[in-house]
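Below you'll find the structure, written out as structure tokens, and then a few comments.
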Amino acid sequence: MNDTTQTPESPENPTPIAMVRGLAFTALPKDLYIPPDAMEVFLEAFEGPLDLLLYLIRKQNIDILNIPIAEVTRQYMDYVELMKTVSLELAAEYLVMAAILAEIKSRMLLPRPENIEGTEEDPRAELIRRLQEYERFKKAADELDQMPRHGRDTFAATISTNDMVFEKPQPSVSLQELMLALSDVLRRTELNASHQIQLEPMNIRERMTNILSALQQQEFVTFSSLFTPEEGRLGVVVTFLAMLELLKDHVIEFVQSVAFGPIHLKAVITTG
Amino acid sequence: MNNVTPELLVQICEAALMVAGRTLTIAVLQKLFDETDQPEAQQIRAALSTIQEKYQDSGIELREVASGFQFQAKVALSPWLSRLWEERAPRYSRSFLETLALIAYRQPITRAEIEEIRGVSASSHHFKTLMEREWIRIIGYRDVPGKPALYGTTKNFLDHFNLKSLDQLPTLSELKDLACQEAKLQVQLELTSQETEMPAENTETITESTQELEAATSND
Amino acid sequence: MNNVTPELLVQICEAALMVAGRTLTIAVLQKLFDETDQPEAQQIRAALSTIQEKYQDSGIELREVASGFQFQAKVALSPWLSRLWEERAPRYSRSFLETLALIAYRQPITRAEIEEIRGVSASSHHFKTLMEREWIRIIGYRDVPGKPALYGTTKNFLDHFNLKSLDQLPTLSELKDLACQEAKLQVQLELTSQETEMPAENTETITESTQELEAATSND
């Protein structure tokens with residue numbers, strides 16, 4: 001979602017929408033092309049079908065307990081139609097609401113059946129309950145937003161202890177805590193299939209860091225000096241893989257000044 | 001308290017609250033003193049209210065929030081103070097705030113319940129941000145198929161909004177009962193039973209869950 | 001200075017110096033105001049000396065140091081104030097630990113990559129703290145637009161966790177075992193909390209360990 005908070009203005013709003021050569025325009029010309037982007041912004045001002053419905057009801061000063069279903073349904077359908085004409089992906093929720101409205105409308109036309117207790121049930125009751133329920137939280141959200149917040153309206157005091165000599169102990173972290181944090185991340189990313197993260201054998205990662213550290217102390221490092229024969233073949237392979245990984249990530253480059261001369265590694269960017 | 005005069009006690013509490021960089025409880029303030037000198041909670045309270053009075057006309061004030069006491073700049077000064085930082089405080093979208101409001105007022109609540117009330121599917125991003133800020137957390141799972149997580153707010157949330165407890169939240173507006181309204185309008189229709197079928201939705205369940213929540217969060 | 005009374009000026013300077021978390025110069029204090037309202041340096045100086053007098057008998061004082069003005073706790077109070085940190089070290093937040101874990105396991109890694117994996121923007125504060133503790137450092141830059149810094153862990157990091165090298169960090173499968181254990185532990189906690197905390201209504205189970213709670217409420 002985005003942070004649009006402008007109040008929704010409908011094309012049917014009786015207040016002038018524009019002044020052209022001294023003339024007030026209260027309605028959009030029928031043939032006016034609404035760019036899809038603008039329509040999206042307009043629709044995003046609503047938080048969903050309930051919000052749109054509430055807006056329609058409020059706009060006409062209708063008592064929420066006495067909604068003229070036919071009229072509201074007609075307006076609602078106009079909006080849904082408008083969304084269609086600009087070929088917007090219609091959110092399913094808007095269509096569900098349209099169906100609910102249509103159902104209520106049809107039930108209002110029919111004689112009401114008696115239910116078990118013998119009292120009549122107004123077909124609008126459930127919708128009204130939902131609208132009210134939504135509205136109160138909409139209001140609560142507004143109020144929450146008005147409340148003084150840290151970092152926006154109020155700031156906590158923290159002053160210096162400069163001249164005092166005492167050691168503030170640093171938080172200590174156990175390996176277990178670190179692992180739990182990581183498993184949290186992994187669990188979350190599993191749900192989010194777009195970025196899978198794999199954990200490679202750590203020795204390659206470590207080697208990458210070591211190579212970069214060497215390149216921070218020295219601008220050019222000879223290729224061969226990064227291999228330690230004592231580590232055996234596995235060590236050589238790991239180091240080489242680490243180099244390739246860094247090369248692929250655009251972090252280092254290989255430099256050879258003369259043909260068949262020694263190969264050097266160099267950081268692509270050297271700052272700090 | 002033999003060696004600590006009331007004036008010194010006030011000074012120590014004042015300085016401690018200023019340098020701590022976190023909220024302090026009365027218990028923490030007591031522990032700043034040797035056991036032999038340790039002031040009573042009541043004496044600390046008295047010192048704190050002396051401080052509160054002393055700062056009446058200052059740019060800052062001593063406030064009590066969920067996790068303890070804290071010095072804060074006065075809200076009215078925020079237009080000037082916010083210029084101290086380049087980054088603006090984030091603005092939250094309405095959908096974000098609605099989600100937060102529902103969790104705050106209706107906790108423990110599942111994501112599906114939030115979606116049902118709002119009439120739209122909930123943004124995962126909002127939940128992530130709320131969890132990241134440690135304003136909400138999972139406080140349990142409902143024992144129904146799928147074991148959906150139940151969300152509740154944290155002390156951080158209360159602190160951030162300068163609240164001591166959940167019941168300081170503005171009260172929710174009341175639901176008007178359609179059936180009652182109908183009955184008033186149609187007086188001539190004598191209905192036998194006024195036991196309306198509008199679900200006896202308990203409009204205020206906050207107090208209950210507040211207690212539960214405090215029980216859950218206060219064990220540190 | 002048309003709209004800013006001397007009293008308001010004092011309040012703003014006072015609050016700014018307390019909340020800034022750094023020393024402030026007169027020039028910085030001037031910039032808190034709109035250009036049309038901007039007080040003269042002299043007026044700020046006057047406000048600052050009013051503040052200095054006002055805090056004469058307080059636990060804190062306004063001092064001028066090389067880089068500007070700052071409030072400090074009075075040195076005489078240090079025996080008491082030092083206990084603020086004696087009690088217990090603060091704890092790092094879960095999001096802080098996640099950032100650290102990703103740097104450890106995925107180094108060299110950029111901040112943007114961490115944000116992408118975690119799905120939320122990373123706090124600069126976390127990076128600063130990690131750099132200050134010398135647990136991470138910048139080990140290079142990636143040659144892509146923006147030239148992002150690459151982070152890696154340090155020897156200090158290994159020392160803290162008693163590791164000789166990074167490949168001693170638990171592997172992914174060990175991590176899964178850990179997650180299983182954690183789940184088992186939670187089930188146990190669930191059972192006990194059902195017995196003790198939720199006698200009547202056990203449709204909802206609180207699966208919460210005290211550790212998690214502390215992590216959730218502690219600040220970073």
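Only this structure's heavy atoms are used, side chains among them; waters, hydrogens and symmetry mates stay out. Residue numbering restarts at 1 for every chain, and letters A, B, ... go by the order of the sequence lines.
- Side-chain contact between C:Arg83 and B:Lys31: absent, with no pair of heavy atoms (C-beta onward) separated by less than 4.5 Å.
- Between B:Leu84 and C:Arg22 the shortest side-chain heavy-atom distance falls below 4.5 Å.
- Here the closest heavy-atom approach between residue B:Gly59 and residue C:Glu14 is recorded as N-OE1, 2.8 Å.
- Note: C:Ala16 leads C:Gly21, C:Ala16, C:Pro79 in heavy-atom pairs under 4.5 Å with chain B.
- Scanning for side chain to side chain donor-acceptor pair (under 3.5 Å) contacts around B:Gln72 gives A:His150, A:Thr154, B:Gln70, B:Asn162, with sequence neighbours left out.
- Heavy atoms of B:Asp34 lying under 4.5 Å from chain C belong to its backbone as well as its side chain.
- Two residues are said to be in side-chain contact when any heavy atoms from C-beta on lie closer than 4.5 Å; C:Arg94 and B:Met131 fail this criterion.
- The number of heavy-atom neighbours closer than 6.0 Å to CD of C:Glu115, taken from other residues, nucleotides and ligands shown, is above 12.
- Residue B:Leu77 touches chain C through its side chain alone, counting heavy-atom pairs closer than 4.5 Å.
- Nearest heavy-atom pair, B:Trp80 versus C:Ile12, reported as atom, atom and distance to 0.1 Å: CD2-CD1, 3.3 Å.
- Contacts of B:Ile51 with chain C are absent, with no heavy-atom separation under 4.5 Å from either backbone or side chain.
- Between chain B and the residues C:Leu29, C:Val28, C:Leu32, the most heavy-atom pairs under 4.5 angstrom are made by C:Leu32.
- Note: B:Glu132 CD to C:Ser93 OG = 7.5 Å, rounded to the nearest 0.5 Å.
- Of the listed residues (B:Ile60, B:Leu8, B:Val10), the one with the most heavy-atom contacts under 4.5 Å to chain C is B:Ile60.
- The shortest non-hydrogen separation linking C:Val19 to B:Ala73 is CG1-CB, 3.9 Å.
- For a residue to count as touching a neighbouring chain, one of its non-hydrogen atoms must lie under 4.5 Å from one of that chain's; by this rule B:Leu24 touches chain C with the side chain only.
- With chain B as partner, the option from C:Gln11, C:Glu98, C:Glu7 having the largest number of non-hydrogen pairs under 4.5 angstrom is C:Gln11.
- Only the side chain of B:Lys54 has a heavy atom closer than 4.5 Å to any heavy atom of chain C.
- Counting non-hydrogen atoms of other residues, nucleotides and ligands closer than 6.0 Å to CD of B:Glu116 gives a total of 12 or fewer.
- Remark: C:Phe71 engages C:Tyr55 in a ring-ring contact (aromatic ring centres under 6.0 Å, His included) (not counting sequence neighbours).
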